[in-house]
Each structure stands twice: as C-alpha cells, then as structure tokens.
Amino acid sequence: MPELPEVEAVARTLRRRVAGQRVVRCRVLHSIAVRPQSPATLRRGVEGQRIEGVERRGKYLLLRLARGCVALHFRLDGQLVWFDSPARSTGGRPRRPARHIDVAFELTGGTLGFVDRRHFGRVQWLARAEDSPGIRNLGIDPLSPGFTPERVQTLLGKARRALKLLLMDQTRIAGLGNIYASEALWRARLDPRRRAARLSPQEARRLHKAIVYVLRRALECCLHPAPDFRNPEWWFSGVEKALRVYDREGRPCRRCRGRIRRIEQGGRSTYFCPCCQK
DNA sequence: CCTGCTACCTGATGGC
DNA sequence: TGCCATCAGGTAGCAG
C-alpha cells in the first residue's frame, strides 16, 4: 500500500518521464476509478493539456496541467504502469502483464496507466488541488521544514485519541499510513495505545525524530531501486527492506527480543513490542 | 471541533 | 478438489 515514501519516489521518478508532455488522449476503461466524477469530466479536463509538473501532497500524486491538475490516490493497491508506445488493443499478443488498466493517459511519448484491481483508488481532474476536500484538509507534511518537534507537541496537545490513530489521521499529519505509523512508534519506543496528549515533551521529540527517520529511510529504499512502472513488484520492494515491526506478530523484537504483538486499533492491525514500547 | 463506526471492493486465505 | 465465508486496508460520509 503506497504511503508517503512510495508516492514521493513515484513523483520524483515520474516527473522526469512525463513533465513537458501533452496528454493526447485519455481513456477511462473502468469508470469506477473516477467516481464520483464522470469519465467525460476527466477526459475534457486533461485532453490536450500539457503536464507541467508532478508533485506529492500527502499520499496524493498530482499531475499539474496547464489548466488544473489530475489527482491520483492509490489507496491500497493502486499502481501506475507505463508503455513506451501507444498501447494496442487489437492484434499482437497482449504484453506480458495483461493487467487491466482503469485509466489510460496517452501522452506524446508513451502511455501512463492507472491500475487498481480492487477499485479503491481514484483519479480526478480538479480545477485546483484544493477543490478536493481530501487534499484541502491535509495536515502538515512530515518531510517539510515546518514539521518540527514543537509542531508535533502542538498536534499531540489536545488529542484524546490513541497515538497510532492520531498518526494515521491525514488531517493532522499527511502521509503516514498503517505501516509507517507502526514503524515510527516502534522506533520511538512508544506504546501505540498511549493517549496522544499524555506524551512528555521529551517523548514528543523522540516521536518527531522517529517519524522523520522512518520516512527518510523508507524513501531511500523506495529510490533504490528507483520506481519501475513496468514492474508491479517494485511497489512492494521498498517497504520490505524498511520494516522492523510491521507484520511480525509473534516474532522476536529486533531491539529487545521481546515478542511482537498485533492488536486492533480503529479496525486496523497495529504491531508493536510490549516489552520496549512504553 | 472531536471521535468512532461503516461502506466501499476484490484477491488471498482458511475451513470443511 | 472445490466451494464459501472471512479478512485486509485508506478514506468519505455519517452519527453522536
């Protein structure tokens, strides 16, 4: 599931590939991917437009156009694929991965496809990024200069929620998902069940440092190897190298040899070490 | 404003 | 072997 590091790596790599190209044509093959918009809205918004830039907002990927932008959200399983030549729908054997494509952007120099078999992900055209409530309401980006220990302290300040749930709230901190929230709390040696407002200033500083460390390290992993839009496996290769607790239920903690536990918070799995996370 | 719950969707998994 | 029920997970929308 792409979280901030994956989307950031994709943005940097895709930027070099598509910036300056024009969207010759847009095909919506599975209209569920553009809901609640209509395929026509997306097509009219993008066709003929030049892609001026690619950026990330939280877990959203934005294609900045001459007029407006396209916002893509991968949710759980969304991916991007790339074809150098215009995809051919007839003749010839299908290319190796005969994956279904939900939305295809035919550019001047190739085709960019949005793929999501589970159909949770979304692609929208927006006159301005802020027209999307999800984007407008995003909290601070943890890799931005404004993300300081003091800022973390303020965010924690009034929240009665469990720490893990706060970290995953996109309107507070933009970009942490289920995996890196667990990873950051492990790194900070903090129990995910703690009430956010109860952290000491010292613990808040530890949390800040852990979040930044975990995301930066994961981003490095996601950039080496760099995103390969022909290889669906890439989307998982970065995460695997970076994981210290996630999905390790019952196995020994890499720090204290305690037994990693899995609990449920807000209907999601949380992994932590009860022995060294207090 | 804050918090918590559910629907959305489908591949993978496990039980019988 | 095959079928069916269950589960995972990010976000929007709704309820309290």
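Proteins get letters first, then strands, A, B, ... in listed order; numbering begins at 1 in each.
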Could you go through residues 41-48 of chain A and list every donor-acceptor pair under 3.5 Å that involves a side-chain atom there, pairing it with any protein atom two or more places apart or in another chain?
| residue | atom | partner | partner atom | Å |
| --- | --- | --- | --- | --- |
| A:T41 | OG1 | A:S38 | OG | 2.8 |
| A:E47 | OE2 | A:C26 | N | 2.8 |

| message | So for the helix from B:dC2-C:dG16 to B:dC16-C:dG2, with five pairs setting each end axis, what is the inter-axis angle to 10°? | response | 50°

| query | Within the structure shown, what part of the strands sits under 4.0 Å from A:Y246 by heavy-atom distance: base, sugar-phosphate, or nothing? | reply | sugar-phosphate

| field | Toward the 5' end of DNA chain C, by each residue's nearest nucleotide, A:S132 or A:D77 | value | A:D77

Would you be so kind as to tabulate the donor-acceptor pairs closer than 3.5 Å made by side chains of residues 207-219 of chain A, with sequence neighbours excluded?
| residue | atom | partner | partner atom | Å |
| --- | --- | --- | --- | --- |
| A:H208 | NE2 | A:F147 | O | 2.9 |
| A:R217 | NH2 | A:K241 | O | 3.1 |

| note | For A:Y180, the ring-ring contact (aromatic ring centres under 6.0 Å, His included) test, sequence neighbours excluded, returns none

Please list, for nucleotides 3-6 of chain B, all pairs of protein and nucleotide N/O atoms separated by less than 3.5 Å.
| residue | atom | partner | partner atom | Å |
| --- | --- | --- | --- | --- |
| B:dT3 | OP1 | A:R160 | N | 2.8 |
| B:dT3 | OP2 | A:R161 | NE | 3.2 |

| salt bridge (Lys or Arg N to Asp or Glu O under 4.0 Å) with A:R261: which residues, sequence neighbours excluded? | none

| message | Under 4.5 Å side-chain heavy-atom separation, chaining through any Ile, Leu, Val, Met, Phe, Trp or Tyr, what else clusters with A:I135? Say none if it is isolated. | response | A:Y60, A:L62, A:L126, A:L138

| request: Quickly work out the A:R75 CZ to B:dA7 C1' distance and round it to whole Å. | output: 11 Å

| task | State whether a side-chain donor-acceptor pair under 3.5 Å links A:R262 with A:S269. | result | yes

| said: So, using side chain to side chain contact (heavy atoms under 4.5 Å, CB included) as the criterion, who are the partners of A:P133 when residues are at least two apart? | reply: A:R136, A:N137

| request: Grab the CG-P distance between A:L76 and B:dT10 for me, whole Å please. | output: 13 Å

| Rounded to whole angstrom units, what separation is found between the NE2 atom of A:H30 and the P atom of B:dC9? | 14 Å

| task | State which residues pass ring-ring contact (aromatic ring centres under 6.0 Å, His included) with A:Y246; sequence neighbours excluded, sorted by chain then number. | result | A:Y271

| task | Compare every heavy atom of A:P227 with every heavy atom of A:C222, then report the nearest pair and how far apart it is. | result | O-CD, 3.6 Å

| said: I'd like to check the salt bridge (Lys or Arg N to Asp or Glu O under 4.0 Å) partners of A:R161; sequence neighbours left out, ordered by chain and number. | reply: A:D169

| query | Atom NE2 of A:H73 and atom P of B:dC8: how far apart are they, to the nearest Å? | reply | 19 Å

| Non-neighbouring partners of A:R206 that pass salt bridge (Lys or Arg N to Asp or Glu O under 4.0 Å), sequence neighbours left out | none

| Between B:dG11 (C1') and A:M1 (CE): distance, integer Å | 12 Å

| query | First contact, last contact: which nucleotides of DNA chain C are these for chain A, 5' to 3', heavy-atom distance under 4.0 Å? | reply | C:dA8 to C:dA12

